[in-house]
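In what follows, a structure is listed as C-alpha cells, so that the remarks can point back to it.
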Amino acid sequence: MRKKNQIICNMCGKKVKYIEGLLKEDYCEIIKEWGYFSKKDMEVHKFNLCETCYDRLVEGFEVPIEIEEKSEAL
C-alpha cells in the first residue's frame, strides 16, 4: 500500500522508514497485470513487502529464487 510519502507492507502492516522525505530502508514492490486464461483477466494487482516479509515469503518456495550479485557502477 502506498500513501503520500508512505509505503506500508501489505503482509505485516509495517510502515517503511522515511526520514525527512528520504527512504531509509528498502522494500519489494510487486505489480502484476493479469492476462488471458486467468480468472483475474484485465486486473492489475499491486502490493509492497518489507524486507522481513519478503524473506519469509521466499523461504517457503520449493524452488529457490535466483540471486545475482550486482557491482556498483563507477
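- In Glu43, the CD atom is crowded: over 12 heavy atoms of neighbouring residues, nucleotides or ligands sit closer than 6.0 Å.
- Residue Ile65 is grouped with residue Leu57 when hydrophobic side chains (ILVMFWY) are merged at heavy-atom distances under 4.5 angstrom, including chains of intermediate members.
- The line from CE of Met11 to CZ of Arg56 is 7.5 Å long, rounded to the nearest 0.5 Å.
- Within a 6.0 Å radius of NZ in Lys15, other residues, nucleotides and ligands contribute 12 heavy atoms or fewer.
- Transitive grouping of hydrophobic side chains (ILVMFWY, heavy atoms separated by less than 4.5 Å) brings Phe61 and Phe47 into a common cluster.
- In this structure, Cys9 and Cys50 approach most closely via the heavy-atom pair SG-N, 3.3 Å.
- Atoms CH2 and CG, from Trp34 and Asp41 in turn, are 11.0 Å apart once rounded to the nearest 0.5 Å.
- Rounding to the nearest 0.5 angstrom, the gap separating the CD atom in Glu51 from the CD atom in Glu25 is 8.5 Å.
- We find the CG-CG distance between Asn10 and Leu49 to be 7.0 Å, quoted to the nearest 0.5 Å.
- Phe37 and Met42 fall into different hydrophobic clusters, where Ile, Leu, Val, Met, Phe, Trp and Tyr side chains are chained together by heavy-atom contacts under 4.5 Å.
- Taking hydrophobic clusters as Ile, Leu, Val, Met, Phe, Trp and Tyr residues chained together by side-chain heavy-atom distances below 4.5 Å, Ile67 shares a cluster with Ile30.
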